[in-house]
Amino acid sequence: MNTLTCSRKIAFVTPNLLVTVNNEHTSPATVKSSTEAMVNDAVINTREAFIEYKKISPAQRIIFLQTIAAEIIAVGPTLIPVTHKETFLPLARLEGELQRTTKQINLFAELLKEGSWVRAVIDIKENPAVDIRQMQVPLGVVAVFGASNFPFAFSVAGGDTISALAAGCAVVHKGHPAHPQTSKIVAECIVTAAKKTNMPPHVFAMVEGAGYEVGLQLVTHPLVDAVAFTGSYKGGKALYDAASKRERPVPVYAEMGSVNPVFILPGILRQNGDDIAAKIISSNLLGTGQFCTNPGIIVLPPLHDAGKFLNKSSELISASKGGAMLTGNIHSSYSHGIKKLQEHQRVRLAGKGIEANEDGIATPHLFVTDADNFLKDETLQEEVFGPSSLFVETNDKAAMYNIAANLQGQLTATIWGTDEDLKEYEGLVHILEDKAGRLLINGVPTGVEVTAAMVHGGPFPATTDSRSTSVGTDAIYRFTRPVCYQDFPQFLLPDALKDNNPLGIKRKVNGREER
(Lines give C-alpha, C1' and ligand atoms only; values in the text may rest on other atoms or scores of the structure.)
Protein backbone atom coordinates (compact mmCIF):
# COMPACT_ATOMS: atom_id res chain seq x y z
CA MET A 1 0.00 0.00 0.00
CA ASN A 2 1.25 3.48 -0.86
CA THR A 3 1.24 6.04 1.94
CA LEU A 4 0.58 9.77 1.84
CA THR A 5 0.70 11.73 5.07
CA CYS A 6 -0.13 15.30 6.03
CA SER A 7 -0.14 15.67 9.82
CA ARG A 8 -2.18 14.27 12.64
CA LYS A 9 -5.62 13.77 13.78
CA ILE A 10 -8.26 11.91 11.67
CA ALA A 11 -6.87 8.97 9.71
CA PHE A 12 -8.56 6.70 7.20
CA VAL A 13 -7.66 4.39 4.36
CA THR A 14 -8.95 4.54 0.81
CA PRO A 15 -8.28 1.51 -1.41
CA ASN A 16 -5.05 3.04 -2.74
CA LEU A 17 -4.15 5.73 -0.28
CA LEU A 18 -3.48 6.18 3.43
CA VAL A 19 -4.28 9.78 4.31
CA THR A 20 -4.62 11.92 7.40
CA VAL A 21 -6.74 14.94 8.04
CA ASN A 22 -5.57 17.97 9.98
CA ASN A 23 -8.03 20.21 11.81
CA GLU A 24 -6.30 23.40 10.64
CA HIS A 25 -6.56 25.34 7.39
CA THR A 26 -4.49 23.74 4.63
CA SER A 27 -3.24 25.67 1.62
CA PRO A 28 -2.76 24.04 -1.81
CA ALA A 29 0.99 24.44 -1.36
CA THR A 30 0.89 21.88 1.50
CA VAL A 31 -1.00 19.24 -0.50
CA LYS A 32 1.26 16.35 -1.41
CA SER A 33 0.71 14.95 -4.87
CA SER A 34 0.00 11.29 -5.43
CA THR A 35 2.95 9.74 -7.22
CA GLU A 36 2.76 8.46 -10.77
CA ALA A 37 2.74 4.91 -9.44
CA MET A 38 -0.08 5.68 -7.03
CA VAL A 39 -2.24 7.18 -9.78
CA ASN A 40 -1.52 4.22 -12.05
CA ASP A 41 -2.42 1.75 -9.29
CA ALA A 42 -5.64 3.64 -8.56
CA VAL A 43 -6.78 3.46 -12.17
CA ILE A 44 -5.82 -0.20 -12.62
CA ASN A 45 -7.56 -1.25 -9.42
CA THR A 46 -10.63 0.80 -10.26
CA ARG A 47 -10.80 -0.80 -13.69
CA GLU A 48 -10.79 -4.25 -12.10
CA ALA A 49 -13.55 -3.11 -9.74
CA PHE A 50 -15.65 -1.86 -12.66
CA ILE A 51 -15.72 -5.33 -14.22
CA GLU A 52 -17.50 -6.55 -11.07
CA TYR A 53 -19.46 -3.40 -10.30
CA LYS A 54 -21.22 -3.23 -13.66
CA LYS A 55 -22.82 -6.60 -12.83
CA ILE A 56 -24.22 -5.30 -9.54
CA SER A 57 -28.02 -5.20 -9.60
CA PRO A 58 -29.84 -1.84 -9.56
CA ALA A 59 -31.27 -2.73 -6.15
CA GLN A 60 -27.77 -3.12 -4.69
CA ARG A 61 -26.58 0.09 -6.33
CA ILE A 62 -29.53 1.94 -4.81
CA ILE A 63 -28.53 0.81 -1.33
CA PHE A 64 -24.92 1.85 -2.03
CA LEU A 65 -25.97 5.38 -3.02
CA GLN A 66 -28.34 5.72 -0.08
CA THR A 67 -25.59 4.58 2.27
CA ILE A 68 -23.20 7.19 0.86
CA ALA A 69 -25.78 9.88 1.62
CA ALA A 70 -26.32 8.52 5.13
CA GLU A 71 -22.57 8.45 5.84
CA ILE A 72 -22.19 12.06 4.72
CA ILE A 73 -25.11 13.17 6.87
CA ALA A 74 -23.58 11.37 9.85
CA VAL A 75 -20.23 13.17 9.55
CA GLY A 76 -21.87 16.54 8.86
CA PRO A 77 -21.22 18.06 12.33
CA THR A 78 -17.50 17.28 11.96
CA LEU A 79 -17.25 17.96 8.24
CA ILE A 80 -18.83 21.42 8.02
CA PRO A 81 -16.43 23.17 10.45
CA VAL A 82 -13.46 21.66 8.59
CA THR A 83 -14.79 22.89 5.25
CA HIS A 84 -15.52 26.31 6.71
CA LYS A 85 -11.86 26.69 7.74
CA GLU A 86 -10.62 25.51 4.36
CA THR A 87 -12.90 27.55 2.10
CA PHE A 88 -14.01 30.53 4.23
CA LEU A 89 -17.56 29.81 3.04
CA PRO A 90 -20.28 30.68 5.63
CA LEU A 91 -21.56 27.86 7.81
CA ALA A 92 -25.16 28.39 6.69
CA ARG A 93 -24.13 28.16 3.04
CA LEU A 94 -22.23 24.92 3.72
CA GLU A 95 -25.13 23.40 5.63
CA GLY A 96 -27.43 24.12 2.70
CA GLU A 97 -24.96 22.74 0.19
CA LEU A 98 -24.52 19.54 2.18
CA GLN A 99 -28.30 19.03 2.17
CA ARG A 100 -28.38 19.66 -1.57
CA THR A 101 -25.60 17.09 -2.06
CA THR A 102 -27.33 14.31 -0.14
CA LYS A 103 -30.63 15.19 -1.85
CA GLN A 104 -28.87 14.79 -5.19
CA ILE A 105 -27.48 11.39 -4.20
CA ASN A 106 -30.93 10.17 -3.17
CA LEU A 107 -32.42 11.57 -6.38
CA PHE A 108 -30.16 9.24 -8.37
CA ALA A 109 -31.15 6.37 -6.09
CA GLU A 110 -34.78 7.13 -6.96
CA LEU A 111 -33.86 7.21 -10.65
CA LEU A 112 -32.43 3.70 -10.40
CA LYS A 113 -35.44 2.54 -8.42
CA GLU A 114 -37.86 3.68 -11.15
CA GLY A 115 -35.56 2.03 -13.70
CA SER A 116 -36.70 3.48 -17.02
CA TRP A 117 -33.51 5.53 -17.35
CA VAL A 118 -31.89 2.58 -19.17
CA ARG A 119 -34.05 3.48 -22.20
CA ALA A 120 -34.96 -0.11 -23.03
CA VAL A 121 -36.16 -0.54 -26.62
CA ILE A 122 -37.47 -3.82 -28.05
CA ASP A 123 -38.29 -4.38 -31.72
CA ILE A 124 -39.70 -7.80 -32.65
CA LYS A 125 -41.08 -8.57 -36.11
CA GLU A 126 -42.08 -11.81 -37.83
CA ASN A 127 -41.60 -11.11 -41.52
CA PRO A 128 -38.72 -10.85 -41.92
CA ALA A 129 -37.80 -12.28 -38.53
CA VAL A 130 -36.23 -9.55 -36.34
CA ASP A 131 -35.44 -9.53 -32.62
CA ILE A 132 -33.43 -6.44 -31.72
CA ARG A 133 -33.19 -4.95 -28.23
CA GLN A 134 -31.28 -1.95 -26.91
CA MET A 135 -30.40 -0.36 -23.56
CA GLN A 136 -27.80 1.89 -21.91
CA VAL A 137 -24.71 0.34 -20.31
CA PRO A 138 -21.91 1.97 -18.26
CA LEU A 139 -18.76 3.26 -19.97
CA GLY A 140 -16.12 2.10 -17.48
CA VAL A 141 -13.71 4.13 -15.33
CA VAL A 142 -14.54 7.83 -14.96
CA ALA A 143 -11.94 10.40 -13.87
CA VAL A 144 -13.70 13.14 -11.90
CA PHE A 145 -12.20 16.53 -11.00
CA GLY A 146 -13.71 18.40 -8.07
CA ALA A 147 -14.54 22.12 -8.14
CA SER A 148 -13.20 24.75 -5.75
CA ASN A 149 -16.42 26.75 -5.29
CA PHE A 150 -18.72 23.87 -4.29
CA PRO A 151 -16.76 21.64 -1.89
CA PHE A 152 -19.70 19.24 -1.51
CA ALA A 153 -22.10 19.47 -4.48
CA PHE A 154 -19.42 19.55 -7.20
CA SER A 155 -16.66 17.70 -5.41
CA VAL A 156 -15.93 14.21 -4.10
CA ALA A 157 -19.55 13.04 -3.74
CA GLY A 158 -20.95 15.62 -6.13
CA GLY A 159 -23.03 15.15 -9.24
CA ASP A 160 -20.22 13.84 -11.43
CA THR A 161 -19.17 11.09 -9.04
CA ILE A 162 -22.70 10.08 -8.10
CA SER A 163 -24.09 10.03 -11.64
CA ALA A 164 -21.13 7.89 -12.71
CA LEU A 165 -21.64 5.44 -9.83
CA ALA A 166 -25.38 5.36 -10.52
CA ALA A 167 -24.65 4.49 -14.16
CA GLY A 168 -22.55 1.52 -13.05
CA CYS A 169 -19.15 3.13 -13.62
CA ALA A 170 -16.21 3.12 -11.24
CA VAL A 171 -14.63 6.46 -10.26
CA VAL A 172 -11.16 7.87 -9.67
CA HIS A 173 -11.61 11.29 -8.14
CA LYS A 174 -8.93 13.98 -8.06
CA GLY A 175 -9.44 15.90 -4.84
CA HIS A 176 -9.35 19.68 -5.18
CA PRO A 177 -6.35 21.28 -3.44
CA ALA A 178 -8.56 24.13 -2.18
CA HIS A 179 -10.24 21.79 0.32
CA PRO A 180 -8.07 18.66 0.78
CA GLN A 181 -9.30 17.78 4.26
CA THR A 182 -12.92 18.05 3.19
CA SER A 183 -12.18 15.81 0.20
CA LYS A 184 -10.62 13.14 2.39
CA ILE A 185 -13.49 13.05 4.86
CA VAL A 186 -16.09 12.71 2.10
CA ALA A 187 -13.96 10.12 0.28
CA GLU A 188 -13.96 8.05 3.43
CA CYS A 189 -17.77 8.22 3.48
CA ILE A 190 -17.88 6.65 0.01
CA VAL A 191 -15.30 4.01 0.91
CA THR A 192 -17.17 3.13 4.10
CA ALA A 193 -20.46 2.91 2.22
CA ALA A 194 -18.85 0.58 -0.33
CA LYS A 195 -17.63 -1.69 2.46
CA LYS A 196 -20.98 -1.71 4.24
CA THR A 197 -22.86 -2.63 1.07
CA ASN A 198 -20.31 -5.18 -0.21
CA MET A 199 -19.32 -3.25 -3.30
CA PRO A 200 -16.03 -4.08 -5.05
CA PRO A 201 -13.35 -2.54 -2.79
CA HIS A 202 -11.86 -0.24 -5.47
CA VAL A 203 -15.09 1.01 -7.01
CA PHE A 204 -14.01 4.46 -5.83
CA ALA A 205 -10.53 5.89 -5.28
CA MET A 206 -9.15 9.36 -4.67
CA VAL A 207 -5.82 10.84 -5.73
CA GLU A 208 -4.38 14.26 -4.96
CA GLY A 209 -2.22 16.92 -6.54
CA ALA A 210 -1.86 20.69 -6.33
CA GLY A 211 -0.29 20.92 -9.80
CA TYR A 212 -1.38 19.72 -13.22
CA GLU A 213 0.67 16.51 -13.42
CA VAL A 214 -1.80 14.21 -11.65
CA GLY A 215 -4.70 15.52 -13.74
CA LEU A 216 -2.89 15.02 -17.01
CA GLN A 217 -1.89 11.50 -16.00
CA LEU A 218 -5.50 10.68 -15.24
CA VAL A 219 -7.01 11.92 -18.49
CA THR A 220 -4.33 10.27 -20.60
CA HIS A 221 -4.38 6.93 -18.79
CA PRO A 222 -5.44 4.23 -21.29
CA LEU A 223 -7.85 2.64 -18.79
CA VAL A 224 -9.82 5.83 -18.14
CA ASP A 225 -13.02 5.83 -20.22
CA ALA A 226 -14.48 9.30 -19.53
CA VAL A 227 -13.56 12.56 -17.81
CA ALA A 228 -15.72 15.03 -15.85
CA PHE A 229 -14.34 18.43 -14.86
CA THR A 230 -15.70 21.62 -13.27
CA GLY A 231 -13.46 24.66 -13.12
CA SER A 232 -11.71 27.27 -15.21
CA TYR A 233 -11.53 27.49 -18.99
CA LYS A 234 -7.75 27.16 -18.87
CA GLY A 235 -7.85 24.00 -16.78
CA GLY A 236 -10.72 22.35 -18.60
CA LYS A 237 -9.34 23.09 -22.07
CA ALA A 238 -5.90 21.73 -21.08
CA LEU A 239 -7.45 18.44 -19.96
CA TYR A 240 -9.65 18.28 -23.05
CA ASP A 241 -6.66 18.87 -25.35
CA ALA A 242 -4.60 16.24 -23.55
CA ALA A 243 -7.40 13.68 -23.81
CA SER A 244 -7.90 14.42 -27.52
CA LYS A 245 -4.34 13.32 -28.20
CA ARG A 246 -4.93 9.86 -26.75
CA GLU A 247 -4.69 6.89 -29.07
CA ARG A 248 -8.20 5.91 -27.92
CA PRO A 249 -10.45 8.98 -27.70
CA VAL A 250 -12.77 9.31 -24.69
CA PRO A 251 -15.51 11.83 -23.88
CA VAL A 252 -14.47 14.82 -21.77
CA TYR A 253 -17.27 16.71 -20.04
CA ALA A 254 -15.68 19.94 -18.87
CA GLU A 255 -17.71 22.78 -17.43
CA MET A 256 -15.46 25.81 -17.83
CA GLY A 257 -17.42 28.88 -16.80
CA SER A 258 -19.77 31.48 -18.23
CA VAL A 259 -20.63 35.19 -18.08
CA ASN A 260 -24.38 34.39 -18.01
CA PRO A 261 -25.73 37.41 -19.90
CA VAL A 262 -28.87 39.20 -18.75
CA PHE A 263 -31.02 41.16 -21.24
CA ILE A 264 -33.37 43.75 -19.76
CA LEU A 265 -36.23 44.87 -22.02
CA PRO A 266 -37.74 48.38 -22.05
CA GLY A 267 -41.23 47.83 -20.62
CA ILE A 268 -40.21 45.96 -17.49
CA LEU A 269 -37.36 48.37 -16.80
CA ARG A 270 -39.83 51.31 -16.80
CA GLN A 271 -42.18 49.44 -14.45
CA ASN A 272 -39.79 47.84 -11.99
CA GLY A 273 -36.22 48.97 -12.57
CA ASP A 274 -35.17 49.39 -8.95
CA ASP A 275 -36.39 45.92 -7.95
CA ILE A 276 -34.66 44.30 -10.93
CA ALA A 277 -31.42 46.10 -10.08
CA ALA A 278 -31.56 44.84 -6.50
CA LYS A 279 -32.12 41.25 -7.60
CA ILE A 280 -29.39 41.23 -10.24
CA ILE A 281 -26.80 42.89 -8.01
CA SER A 282 -27.65 40.52 -5.16
CA SER A 283 -27.17 37.59 -7.53
CA ASN A 284 -23.86 39.00 -8.75
CA LEU A 285 -22.56 39.37 -5.17
CA LEU A 286 -23.82 36.00 -3.93
CA GLY A 287 -20.98 33.89 -2.56
CA THR A 288 -18.53 36.70 -3.38
CA GLY A 289 -19.42 36.15 -7.03
CA GLN A 290 -17.88 32.69 -7.02
CA PHE A 291 -20.68 30.91 -8.85
CA CYS A 292 -20.38 29.58 -12.39
CA THR A 293 -23.86 31.03 -12.99
CA ASN A 294 -22.95 34.51 -11.74
CA PRO A 295 -24.58 37.19 -13.99
CA GLY A 296 -21.53 38.98 -15.38
CA ILE A 297 -22.90 40.77 -18.49
CA ILE A 298 -25.99 42.99 -18.21
CA VAL A 299 -27.37 44.31 -21.52
CA LEU A 300 -29.44 47.49 -21.11
CA PRO A 301 -32.29 48.45 -23.46
CA PRO A 302 -32.37 51.50 -25.75
CA LEU A 303 -34.21 53.63 -23.22
CA HIS A 304 -33.58 56.90 -21.39
CA ASP A 305 -34.56 55.26 -18.09
CA ALA A 306 -31.73 52.78 -18.50
CA GLY A 307 -29.45 55.46 -17.06
CA LYS A 308 -31.54 55.55 -13.89
CA PHE A 309 -31.32 51.76 -13.65
CA LEU A 310 -27.56 51.89 -14.07
CA ASN A 311 -27.24 54.54 -11.36
CA LYS A 312 -29.29 52.41 -8.97
CA SER A 313 -27.13 49.38 -9.70
CA SER A 314 -23.98 51.46 -9.13
CA GLU A 315 -25.32 52.68 -5.78
CA LEU A 316 -25.97 49.12 -4.65
CA ILE A 317 -22.47 48.04 -5.63
CA SER A 318 -20.86 51.07 -3.97
CA ALA A 319 -22.66 50.27 -0.71
CA SER A 320 -21.61 46.60 -0.74
CA LYS A 321 -18.73 44.93 1.03
CA GLY A 322 -16.34 42.40 -0.39
CA GLY A 323 -15.77 38.89 0.79
CA ALA A 324 -13.05 36.29 1.11
CA MET A 325 -12.28 34.27 -1.99
CA LEU A 326 -11.77 30.54 -1.99
CA THR A 327 -8.05 30.54 -2.75
CA GLY A 328 -5.18 32.96 -3.27
CA ASN A 329 -5.00 31.98 -6.93
CA ILE A 330 -8.67 32.79 -7.47
CA HIS A 331 -8.22 36.17 -5.79
CA SER A 332 -5.17 36.87 -7.92
CA SER A 333 -7.09 36.03 -11.11
CA TYR A 334 -9.95 38.27 -10.03
CA SER A 335 -7.59 41.16 -9.35
CA HIS A 336 -5.98 40.67 -12.76
CA GLY A 337 -9.37 40.71 -14.50
CA ILE A 338 -10.42 43.88 -12.67
CA LYS A 339 -7.18 45.63 -13.55
CA LYS A 340 -7.61 44.72 -17.21
CA LEU A 341 -11.08 46.26 -17.30
CA GLN A 342 -9.93 49.37 -15.45
CA GLU A 343 -7.20 49.93 -18.03
CA HIS A 344 -9.53 49.46 -21.00
CA GLN A 345 -9.93 52.76 -22.86
CA ARG A 346 -13.62 52.28 -23.67
CA VAL A 347 -14.73 50.77 -20.37
CA ARG A 348 -15.52 52.97 -17.37
CA LEU A 349 -15.83 52.09 -13.71
CA ALA A 350 -19.34 53.00 -12.53
CA GLY A 351 -19.33 51.47 -9.06
CA LYS A 352 -16.87 50.03 -6.56
CA GLY A 353 -17.64 48.35 -3.26
CA ILE A 354 -16.23 49.21 0.14
CA GLU A 355 -12.62 48.11 0.29
CA ALA A 356 -11.40 46.01 3.20
CA ASN A 357 -7.97 46.25 4.72
CA GLU A 358 -7.45 42.51 4.53
CA ASP A 359 -5.63 40.25 2.13
CA GLY A 360 -7.68 37.94 -0.08
CA ILE A 361 -10.84 40.08 0.05
CA ALA A 362 -12.50 40.71 -3.31
CA THR A 363 -13.98 44.20 -3.71
CA PRO A 364 -17.13 44.33 -5.93
CA HIS A 365 -16.88 46.29 -9.19
CA LEU A 366 -19.38 47.46 -11.80
CA PHE A 367 -18.13 48.50 -15.24
CA VAL A 368 -19.92 50.04 -18.22
CA THR A 369 -19.27 49.98 -21.96
CA ASP A 370 -21.28 50.53 -25.13
CA ALA A 371 -22.57 48.00 -27.62
CA ASP A 372 -20.13 48.92 -30.39
CA ASN A 373 -17.13 48.42 -28.13
CA PHE A 374 -18.50 45.17 -26.71
CA LEU A 375 -18.99 43.79 -30.21
CA LYS A 376 -15.54 44.84 -31.40
CA ASP A 377 -13.60 43.48 -28.43
CA GLU A 378 -14.14 39.76 -27.71
CA THR A 379 -12.00 39.97 -24.56
CA LEU A 380 -14.92 41.75 -22.87
CA GLN A 381 -16.75 38.41 -22.94
CA GLU A 382 -14.08 36.79 -20.76
CA GLU A 383 -15.27 35.69 -17.35
CA VAL A 384 -14.00 37.65 -14.35
CA PHE A 385 -14.69 35.07 -11.65
CA GLY A 386 -15.88 37.07 -8.67
CA PRO A 387 -18.20 39.98 -7.74
CA SER A 388 -17.78 41.92 -10.99
CA SER A 389 -20.21 42.86 -13.75
CA LEU A 390 -20.09 44.67 -17.08
CA PHE A 391 -23.16 46.68 -18.14
CA VAL A 392 -23.57 47.17 -21.89
CA GLU A 393 -25.54 50.17 -23.15
CA THR A 394 -27.42 49.82 -26.45
CA ASN A 395 -29.00 52.37 -28.80
CA ASP A 396 -31.61 50.19 -30.48
CA LYS A 397 -33.24 46.78 -30.64
CA ALA A 398 -30.88 45.67 -33.40
CA ALA A 399 -27.90 46.21 -31.10
CA MET A 400 -29.40 43.89 -28.47
CA TYR A 401 -29.99 41.22 -31.10
CA ASN A 402 -26.47 41.68 -32.45
CA ILE A 403 -24.95 41.27 -29.00
CA ALA A 404 -26.95 38.09 -28.44
CA ALA A 405 -25.93 36.69 -31.83
CA ASN A 406 -22.24 37.32 -31.16
CA LEU A 407 -22.12 35.81 -27.67
CA GLN A 408 -19.93 32.80 -26.97
CA GLY A 409 -21.50 29.68 -25.48
CA GLN A 410 -23.03 30.17 -22.02
CA LEU A 411 -24.41 28.10 -19.17
CA THR A 412 -27.36 30.47 -18.82
CA ALA A 413 -28.99 33.47 -20.49
CA THR A 414 -31.72 35.57 -18.88
CA ILE A 415 -34.37 37.92 -20.24
CA TRP A 416 -36.33 40.39 -18.11
CA GLY A 417 -39.53 41.61 -19.77
CA THR A 418 -43.27 42.14 -19.60
CA ASP A 419 -45.51 39.98 -21.76
CA GLU A 420 -45.57 42.80 -24.30
CA ASP A 421 -41.76 43.03 -24.19
CA LEU A 422 -41.39 39.30 -24.74
CA LYS A 423 -43.75 39.33 -27.71
CA GLU A 424 -41.88 42.24 -29.30
CA TYR A 425 -38.45 40.70 -28.61
CA GLU A 426 -39.42 37.07 -29.27
CA GLY A 427 -36.52 36.73 -31.69
CA LEU A 428 -34.13 37.21 -28.77
CA VAL A 429 -35.28 33.90 -27.30
CA HIS A 430 -34.58 32.04 -30.54
CA ILE A 431 -31.07 33.51 -30.72
CA LEU A 432 -30.28 32.64 -27.11
CA GLU A 433 -31.48 29.05 -27.55
CA ASP A 434 -28.35 28.55 -29.65
CA LYS A 435 -26.13 30.20 -27.04
CA ALA A 436 -27.01 28.70 -23.66
CA GLY A 437 -28.05 25.52 -21.89
CA ARG A 438 -30.62 27.20 -19.62
CA LEU A 439 -32.84 30.17 -20.46
CA LEU A 440 -34.59 32.19 -17.74
CA ILE A 441 -37.39 34.74 -17.80
CA ASN A 442 -37.57 37.38 -15.05
CA GLY A 443 -35.21 35.60 -12.67
CA VAL A 444 -31.57 35.27 -11.71
CA PRO A 445 -29.31 32.41 -12.84
CA THR A 446 -27.63 31.72 -9.49
CA GLY A 447 -29.27 28.73 -7.86
CA VAL A 448 -29.31 25.52 -9.90
CA GLU A 449 -32.19 23.26 -8.92
CA VAL A 450 -31.49 19.52 -8.87
CA THR A 451 -34.34 18.17 -10.96
CA ALA A 452 -34.91 15.83 -13.87
CA ALA A 453 -35.50 18.78 -16.22
CA MET A 454 -32.41 20.80 -15.27
CA VAL A 455 -29.68 21.49 -17.82
CA HIS A 456 -26.39 22.71 -16.42
CA GLY A 457 -24.29 22.88 -19.55
CA GLY A 458 -24.04 24.82 -22.76
CA PRO A 459 -22.17 25.39 -26.00
CA PHE A 460 -18.39 25.84 -26.02
CA PRO A 461 -16.62 27.49 -24.23
CA ALA A 462 -19.11 27.06 -21.37
CA THR A 463 -18.57 23.31 -21.72
CA THR A 464 -16.80 20.93 -24.07
CA ASP A 465 -20.02 19.07 -24.89
CA SER A 466 -23.29 21.00 -25.15
CA ARG A 467 -25.33 17.78 -25.42
CA SER A 468 -24.97 17.01 -21.72
CA THR A 469 -25.75 18.35 -18.27
CA SER A 470 -23.79 18.03 -15.03
CA VAL A 471 -26.84 18.67 -12.82
CA GLY A 472 -30.08 16.67 -12.79
CA THR A 473 -30.78 13.06 -13.57
CA ASP A 474 -29.87 13.34 -17.26
CA ALA A 475 -26.26 13.69 -16.07
CA ILE A 476 -26.16 9.90 -15.94
CA TYR A 477 -26.09 9.65 -19.74
CA ARG A 478 -22.62 11.20 -19.91
CA PHE A 479 -21.32 7.90 -18.61
CA THR A 480 -23.36 5.39 -20.59
CA ARG A 481 -23.59 4.17 -24.16
CA PRO A 482 -26.25 2.18 -26.05
CA VAL A 483 -25.76 -1.52 -26.73
CA CYS A 484 -27.91 -3.55 -29.11
CA TYR A 485 -28.69 -7.24 -28.44
CA GLN A 486 -29.84 -9.12 -31.55
CA ASP A 487 -31.43 -12.59 -31.52
CA PHE A 488 -30.40 -13.26 -27.90
CA PRO A 489 -31.96 -16.13 -25.95
CA GLN A 490 -33.96 -14.92 -22.95
CA PHE A 491 -31.51 -16.27 -20.36
CA LEU A 492 -28.66 -14.18 -21.81
CA LEU A 493 -30.55 -10.91 -21.95
CA PRO A 494 -30.26 -8.24 -19.23
CA ASP A 495 -33.35 -8.14 -17.02
CA ALA A 496 -34.34 -4.78 -18.52
CA LEU A 497 -34.81 -6.44 -21.92
CA LYS A 498 -36.43 -9.76 -21.03
CA ASP A 499 -39.94 -10.47 -22.32
CA ASN A 500 -41.49 -10.72 -18.84
CA ASN A 501 -39.94 -7.37 -17.75
CA PRO A 502 -38.89 -8.54 -14.27
CA LEU A 503 -37.86 -5.01 -13.30
CA GLY A 504 -41.28 -3.62 -14.14
CA ILE A 505 -39.78 -0.65 -15.99
CA LYS A 506 -41.25 1.43 -18.78
CA ARG A 507 -39.98 0.27 -22.19
CA LYS A 508 -40.60 1.02 -25.85
CA VAL A 509 -41.85 -2.18 -27.48
CA ASN A 510 -42.47 -2.12 -31.23
CA GLY A 511 -42.76 1.64 -31.12
CA ARG A 512 -45.10 1.84 -28.12
CA GLU A 513 -44.22 2.72 -24.54
CA GLU A 514 -45.45 0.16 -22.04
CA ARG A 515 -44.58 -1.53 -18.78
Side-chain angles (χ1 to χ4, degrees), residues 25-29 80-81 83-97 147-151 154 176-179 182 231-233 257-262 274 276-298 309-344 347-369 380 382-391 444-447:
H25 176 73
T26 304
S27 69
I80 288 175
T83 310
H84 173 64
K85 289 181 179 179
E86 286 193 305
T87 64
F88 308 108
L89 292 172
L91 292 173
R93 148 74 194 273
L94 292 173
E95 288 169 357
E97 187 185 333
S148 61
N149 56 339
F150 283 90
F154 284 85
H176 200 286
H179 44 260
T182 297
S232 68
Y233 173 80
S258 177
V259 295
N260 306 294
V262 177
D274 285 358
I276 297 170
K279 289 178 179 177
I280 291 176
I281 295 302
S282 177
S283 177
N284 178 257
L285 299 179
L286 185 65
T288 318
Q290 297 172 110
F291 282 69
C292 51
T293 52
N294 181 34
I297 301 292
I298 317 299
F309 173 84
L310 178 57
N311 290 336
K312 178 63 176 179
S313 300
S314 299
E315 289 174 9
L316 293 169
I317 285 290
S318 299
S320 67
K321 294 182 180 180
M325 302 204 84
L326 293 157
T327 69
N329 286 339
I330 291 175
H331 182 264
S332 178
S333 295
Y334 176 73
S335 300
H336 176 75
I338 293 299
K339 183 180 179 182
K340 189 175 178 181
L341 287 171
Q342 287 175 327
E343 294 175 349
H344 199 292
V347 173
R348 65 182 175 88
L349 178 64
K352 182 179 179 180
I354 301 168
E355 291 196 72
N357 296 319
E358 298 178 53
D359 293 334
I361 301 297
T363 303
H365 285 72
L366 188 156
F367 297 94
V368 181
T369 192
L380 294 179
E382 294 176 0
E383 181 184 24
V384 180
F385 189 68
S388 168
S389 57
L390 176 64
F391 282 53
V444 292
T446 44

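Residues take their numbers from the sequence shown, with the count starting at 1.
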>> The test is side chain to side chain contact (heavy atoms under 4.5 Å, CB included); show your working for Val444 and Thr293 and say whether it passes.
In response: CA-CA 9 Å; Val444 292; Thr293 52; over 6 Å; no
> About how many Å separate NE2 of His344 and CG of Leu341, when rounded to the nearest 0.5 Å?
Replying inline: 8.0 Å
>> Donor-acceptor pair, distance only, cut-off 3.5 Å: does the side chain of His84 make one with the backbone of Leu89?
In response: yes
> Measuring from Leu286:CG to Asn294:CG, what's the distance to the nearest 0.5 Å?
Replying inline: 8.5 Å
> How far does NE2 of His179 sit from OG1 of Thr87, to the nearest 0.5 angstrom?
Replying inline: 8.5 Å
> Which atoms form the tightest heavy-atom contact between Pro151 and Leu94, and what is the distance?
Replying inline: CG-CD2, 4.0 Å
>> Let me confirm one number: the OG-CG distance from Ser389 to Leu285, rounded to the nearest 0.5 Å.
In response: 8.0 Å
>> Quiz question: by atom type and distance under 3.5 Å, do the side chains of Asn329 and Thr327 form a donor-acceptor pair?
In response: no
> Which residues pass the salt bridge (Lys or Arg N to Asp or Glu O under 4.0 Å) test with Lys352, sequence neighbours left out?
Replying inline: Glu355
> Within the side chain of Ser332, is there an N or O that forms a donor-acceptor pair under 3.5 Å with the backbone of Gly328?
Replying inline: no
>> Keeping Ser313 on the side-chain end and Phe309 on the backbone end, is there a donor-acceptor pair under 3.5 Å?
In response: yes
> Is a side-chain donor or acceptor of Asn260 paired with a backbone partner of Gly296 at a separation under 3.5 angstrom?
Replying inline: no
> So, Thr288 side chain and Gln290 main chain: donor-acceptor pair closer than 3.5 Å or not?
Replying inline: no
>> I want to check something: taking the side chain as every heavy atom from C-beta on, are Tyr334 and Val384 in contact at a cut-off of under 4.5 Å?
In response: yes
> What is the distance from atom OG1 of Thr83 to atom CD of Glu97, rounded to the nearest 0.5 Å?
Replying inline: 8.5 Å
> Closest approach of Ser283 and Thr446, non-hydrogen atoms and distance?
Replying inline: OG-OG1, 2.7 Å
> Which atoms form the tightest heavy-atom contact between Phe385 and Cys292, and what is the distance?
Replying inline: CE1-N, 4.4 Å
> After noting the C-alpha distance and the side-chain angles of Phe367 and Ile338, does the key distance pass the side chain to side chain contact (heavy atoms under 4.5 Å, CB included) rule?
Replying inline: CA-CA 9 Å; Phe367 297 94; Ile338 293 299; 3.8 Å; yes
>> Go through it in stages, so that I can follow the logic: the residues are Leu316 and Leu366, the test is side chain to side chain contact (heavy atoms under 4.5 Å, CB included), and I'd like the CA-CA distance, side-chain angles, deciding distance and then a yes or no.
In response: CA-CA 10 Å; Leu316 293 169; Leu366 188 156; over 6 Å; no
>> Return the CZ to OG1 distance between Arg348 and Thr369, rounded to the nearest 0.5 Å.
In response: 9.5 Å
>> Using every non-hydrogen atom in the two residues, find where Phe391 and Leu310 come nearest and quote the distance to one decimal.
In response: CD2-CD1, 3.7 Å
> For Ile361 and His331, which heavy atoms make the closest approach, and how far apart are they?
Replying inline: O-NE2, 3.1 Å
> Can you name the nearest heavy-atom pair linking Ala350 to Val368, along with the distance?
Replying inline: CB-CG2, 3.6 Å
> Within the distance-only criterion (no hydrogens, no angle test), does the side chain of Ser318 pair as donor or acceptor with the backbone N or O of Glu315 below 3.5 angstrom?
Replying inline: no
